[in-house]
Amino acid sequence: MQAYRDCSALFQLPYRGENSAPSRLVVFAHAGGFAQQWQQICLPLTAHCEVLLVEYPGHGVRSATALADSMTELAVDLGDQLGRYWHPNTILLGYSMGALCAYLVEQQLRKQNKAVRQLILAAYPAPWLEQFQFDFDTSEQDAQLSYLSQFDSAAHAVFSSEQLSESYLPVMQHDFQLLQRCSLAQWPEISCPVTLLAGKFDRAVALQDVMAWREICEHEVQAYAIDGEHFFVHQSRARFLAIVQSKLNSDSERISLQQE
């Protein structure tokens, strides 16, 4: 993983094929996540495309930089960096919080007259749904871990380390607060094809809430319910990668709904 040119938020996994990369996949991590966590996940995809991993300010190798004040501020900055070195065959993949970020970045790129080929939105509800609220605004670590267990049953084990708790829980709390405050008077339509991914056994984000994104999609949508909880990317990684690879290899401009 290496920094991409002069873009502070973008880290490159180079294309391993011959000649120039036929497409680019830009990956936006979950709340509290960082680019290096996605390096091993995405490495097999570099046989098909160039991968850019997004590092949010205050996360991972950018931990010394100030955290973003809003999702809009974050999207504007990332849109500017992606637009600076644009690839005409770009797919945006957002996981959990990253799905909302990818959606907002697509809107910013459209303002620059740069058309994203496709959005892949995973494990995140349509943001206008009132029934979905983030309840992570607490200083009690046990309460935080209990809440995170909805997303990942291993949360208590993962964050039992004091070092991990001190490093990640404050960043996660900040990210959840960004999501809680993100509200638009109107959510603009998505003009590119969309793929929706949801965990069949996700206790935090209901399948129908992920599928509600279809309400603002101009194109038909392809949707997949994948075995696993919120982080089905780990529990069903091969299936997840196969779906993403199929989008990289697809020349289709319109996508039909396919519920597994």
Side-chain angles (χ1 to χ4, degrees), residues 1-63 78 81-82 84-99 101-102 105-106 116-124 151-152 154 158 164 167-168 171-172 175 195-199 202 222 224 226-251 260:
M1 189 175 79
Q2 59 192 35
Y4 183 71
R5 302 196 181 187
D6 59 348
C7 299
S8 61
L10 302 176
F11 290 83
Q12 182 189 45
L13 300 179
Y15 174 53
R16 292 186 285 119
E18 297 180 357
N19 303 317
S20 59
S23 59
R24 170 183 288 169
L25 179 70
V26 184
V27 180
F28 300 79
H30 52 282
F34 49 92
Q36 194 170 17
Q37 290 174 312
W38 284 83
Q39 181 176 358
Q40 285 302 115
I41 295 171
C42 294
L43 199 58
L45 297 172
T46 58
H48 309 278
C49 69
E50 171 193 51
V51 176
L52 293 184
L53 304 175
V54 172
E55 190 81 282
Y56 304 132
H59 296 60
V61 298
R62 302 182 68 199
S63 59
L78 295 175
Q81 293 193 44
L82 284 170
R84 202 180 305 158
Y85 302 107
W86 183 243
H87 191 298
N89 200 12
T90 292
I91 295 175
L92 305 184
L93 165 61
Y95 202 99
S96 196
M97 169 183 164
C101 193
V105 168
E106 190 273 336
V116 170
R117 173 178 151 192
Q118 182 168 164
L119 269 179
I120 303 176
L121 306 177
Y124 196 81
F151 295 86
D152 189 338
V158 171
L164 279 175
S167 300
Y168 295 126
V171 176
M172 280 189 176
D175 287 348
T195 296
L196 300 174
L197 307 178
D202 191 336
Q222 192 165 24
Y224 298 86
I226 301 175
D227 283 334
E229 298 179 289
H230 190 72
F231 287 102
F232 57 81
V233 64
H234 299 303
Q235 297 151 346
S236 295
R237 183 178 299 187
R239 183 61 182 142
F240 172 82
L241 291 175
I243 293 170
V244 175
Q245 181 181 327
S246 73
K247 307 311 167 190
L248 294 169
N249 296 337
S250 173
D251 294 324
E260 288 193 323

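- Note that the CG atom of Leu53 and the CZ atom of Phe28 stand 10.5 Å from one another [nearest 0.5 Å].
- Between Asp175 and Gly32, the closest heavy-atom pair is OD2-N, 2.6 Å.
- Considering CD1 of Ile41 and CZ of Phe240, their distance stands at 7.0 Å, rounded to 0.5 Å.
- What you find for Arg62 and Ala9 is that their closest heavy atoms are NH1-CB, 3.3 Å.
- Taking CZ of Arg117 as the start and OG1 of Thr90 as the end, the distance is 9.5 Å to the nearest 0.5 Å.
- Tyr15 meets the ring pair (Phe, Tyr, Trp, His ring centres under 6.0 Å) test with no other residue; sequence neighbours excluded.
- Here Gln2 pairs with Gln12 under the side-chain hydrogen bond (donor to acceptor under 3.5 Å, both in side chains) rule; sequence neighbours left out.
- The minimum heavy-atom distance between Tyr56 and Cys101, with the atom names listed, is CE2-SG, 4.0 Å.
- Under the 4.5 Å side-chain criterion, counting only non-hydrogen atoms from C-beta, Leu119 is not in contact with Thr195.
- Annotation: side chain of Val105 is not in contact with side chain of Val26 (no heavy-atom distance under 4.5 Å).
- Listed by chain and residue number, Arg24 satisfy the side-chain hydrogen bond (donor to acceptor under 3.5 Å, both in side chains) test with Tyr4 (two or more places apart in sequence, or in another chain).
- For His87, the side-chain hydrogen bond (donor to acceptor under 3.5 Å, both in side chains) criterion is met by no residue, not counting sequence neighbours.
- Residues passing the side-chain hydrogen bond (donor to acceptor under 3.5 Å, both in side chains) test with Gln39, sequence neighbours excluded: none.
- Taking all atoms of both residues into account, the shortest heavy-atom contact from Leu121 to Ala99 is CD2-O, 3.5 Å.
- With sequence neighbours excluded, no residue forms a side chain to side chain contact (heavy atoms under 4.5 Å, CB included) with Ser63.
- For the ring-ring contact (aromatic ring centres under 6.0 Å, His included) criterion with His30, the lone passing option out of Tyr124, Phe231, Phe232 is Phe231.
- For Phe11, there are no ring pair (Phe, Tyr, Trp, His ring centres under 6.0 Å) partners at least two apart in sequence or on another chain.
- Shown here are the side chain to side chain contact (heavy atoms under 4.5 Å, CB included) partners of Asn19, two or more places apart in sequence or in another chain: there are none.
- By the side chain to side chain contact (heavy atoms under 4.5 Å, CB included) test, Thr46 pairs with Leu13, Arg16, Leu43, Val51, sequence neighbours left out.
- Among residues at least two apart or in separate chains, there is no salt bridge (charged side-chain N to carboxylate O under 4.0 Å, His left out) pair with a member in residues 37-46.
- Contact between His234 and Arg237 at its shortest, heavy atoms only, is ND1-NH2, 3.5 Å.
- Gln81 places no side-chain N or O within donor-acceptor distance of the main-chain N or O of Leu78, the cut-off being under 3.5 Å.
- Looking at Phe34 and Glu55, their side chains come closer than 4.5 Å, going by heavy atoms from C-beta outward.
- Taken to the nearest 0.5 Å, the CG atom of Leu197 stands 6.5 Å off from the CD1 atom of Ile120.
- Listed by first and then second residue, the salt bridge (charged side-chain N to carboxylate O under 4.0 Å, His left out) pairs involving residues 28-41 amount to none (not counting sequence neighbours).
- Legend: salt bridge (charged side-chain N to carboxylate O under 4.0 Å, His left out) pairs involving residues 30-41, not counting sequence neighbours: none detected.
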